[in-house]
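Only a predicted model underlies this, so the values are computations on that prediction, with no experimental measurement involved.
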Amino acid sequence: MITDLLEDGNQSSLGEFILLGVSDWPQFELLLFVLILISYTMTLLGNTTIILVSSLDPHLHTPMYFFLSNLSFLDLCYTTSVGPQMLLNFRSTHKSISWAGCVAQLYIALSLGSTECLMLAIMAYDRYASICQPLRYTAIMSHRFCLQLAATAWLCSFGNSMLHTIRTMRLPRCGRNQIDSLFCEVPALLKLACVDTSANEAEVLASSVIILLVPLGFILMSYGYIGAAVLKISSAKGRIKAFNTCASHLAVVLLFYGTAISMYLQPPSSYSQHRGKIVSLFYTMVTPMLNPIIYTLRNKEDVKGALVKLMVISRAGLHGQGHIH
């Protein structure tokens, strides 16, 4: 659908883009290939495990694990939208991506990144309701309300991404097709335009404020209330338990928002390609790998118990099949 809207807008739709990646540092290509392959494999394993455990163990059918499963699914899709193409280009002499492939990559990655911003804010609200409104928590975070929050985050983000994808890809590039980046993303694509992009830059900046700074402000405000509530808890054990339920989420927020803000809350005209490549590699490959590790470390008893139960059930099933045969 998006490609239909764009095809008449730019002659590059008939060709392809060259992803320069780290071609200026060819000695690092093999190293990056190995590191990204390891990171991508760990991301697949870690996030898939969280989704399976959260869905199969009834004790984890809570709002926190519902949103955590959403976050894990986001990370799986986000990394998959860019990771395989990176790996292919690192081992190829012709580092190209089709025009349609670039459109799809830009749209999907931007949509999922925006959704993650909103999802982290929703998770902060869940923690606020759990700690500051414990008696009303079940009524506030009903299953229907959780579904509505998640659906709103997904729909708003995909709508926002469609706007930026269409606006960015319709810019005339005068035959330029070499993207000095690891994958198709807005700042690098704006660099290819052969017209004034100040209007596009202003739109990106305004959107980034809404998608990044507003949710971040909401998260910080939520944790301000949470911090005040935790300090009122009389027992040290209670304070530690409350802190542990929030620490993993805060760590993920710092990782994701820190890198995303440094990437998008600056004019693309002042965008540093070398720094941009490192930052984009971090928030597309490293952060999705670390998220399940951070959450399982802080909630290891829940996850460990669920994994043990699943292993026992799977073994019992295998033994049962053996007896049947």
Side-chain angles (χ1 to χ4, degrees), residues 42-79 112 115-157 215 218-219 222-223 225-226 229-230 237-238 240-253 256 288-318 320:
M42 290 181 66
T43 299
L44 293 178
L45 290 174
N47 286 289
T48 302
T49 300
I50 285 182
I51 293 170
L52 287 174
V53 166
S54 300
S55 60
L56 295 177
D57 189 335
H59 293 96
L60 300 184
H61 291 176
T62 62
M64 185 178 83
Y65 280 95
F66 168 74
F67 293 125
L68 181 54
S69 295
N70 266 267
L71 188 65
S72 292
F73 181 68
L74 270 172
D75 285 338
L76 279 175
C77 297
Y78 192 29
T79 307
L112 296 173
T115 308
E116 184 150 348
C117 291
L118 299 179
M119 196 63 66
L120 289 171
I122 292 169
M123 292 172 78
Y125 179 72
D126 173 61
R127 293 300 83 209
Y128 160 78
S130 173
I131 292 172
C132 299
Q133 304 284 338
L135 298 178
R136 298 180 56 236
Y137 176 69
T138 306
I140 294 171
M141 301 304 293
S142 65
H143 182 63
R144 181 179 179 181
F145 185 55
C146 290
L147 287 173
Q148 289 172 340
L149 287 174
T152 300
W154 284 88
L155 290 173
C156 289
S157 299
F218 180 80
I219 291 169
S222 297
Y223 275 104
Y225 284 112
I226 289 171
V230 169
K237 187 177 179 180
I240 292 171
K241 184 180 179 181
F243 172 76
N244 281 339
T245 62
C246 301
S248 51
H249 179 254
L250 268 176
V252 170
V253 166
F256 185 80
M289 176 190 69
L290 293 177
N291 284 357
I293 297 172
I294 292 169
Y295 275 106
T296 50
L297 281 177
R298 284 292 176 181
N299 304 280
K300 58 186 175 183
E301 294 305 320
D302 290 343
V303 177
K304 184 180 176 182
L307 282 172
V308 170
K309 287 179 186 176
L310 291 178
M311 289 173 66
V312 169
I313 292 170
S314 61
R315 284 179 182 176
L318 289 173

task: For Leu149, check side-chain contact (heavy atoms from CB on, under 4.5 Å) against everything at least two apart and list the hits.
output: Phe67, Ile122, Met141, Phe145
Closest contact, heavy atoms only, Leu118 versus Cys156: CD1-CB, 4.4 Å
task: Check side chain to side chain donor-acceptor pair (under 3.5 Å) between Tyr223 and all other residues, then give those that pass, not counting sequence neighbours.
output: His249
ring-ring contact (aromatic ring centres under 6.0 Å, His included) against Phe66, all qualifying residues, sequence neighbours excluded: none
- request: State which residues pass side chain to side chain donor-acceptor pair (under 3.5 Å) with Ser130; sequence neighbours excluded, sorted by chain then number.
  value: none
- prompt: Is the number of heavy atoms from other residues, nucleotides or ligands within 6.0 Å of NE2 (His143) greater than 12?
  reply: no
Phe73, CZ: over 12 other non-hydrogen atoms inside 6.0 angstrom: no
task: Can you see which heavy atom on Ser69 is nearest to which on Ser54, and at what distance?
output: OG-CB, 3.0 Å
field: Which atom of Leu74 lies closest to which atom of Met119, heavy atoms considered
entry: CD1-CB, 4.2 Å
Closest non-hydrogen atom pair, Met64 against Tyr137: N-OH, 4.3 Å
task: Can you sort out the partners of Tyr225 under side chain to side chain donor-acceptor pair (under 3.5 Å), two or more places apart, ordered by chain and number?
output: none
message: Under a 3.5 Å distance rule, please check whether Asn47 uses its side chain to pair with a backbone N or O of Pro288 as donor and acceptor.
response: yes
- prompt: Which residue pairs pass the side chain to side chain donor-acceptor pair (under 3.5 Å) test with at least one member in residues 144-153, sequence neighbours excluded?
  reply: none
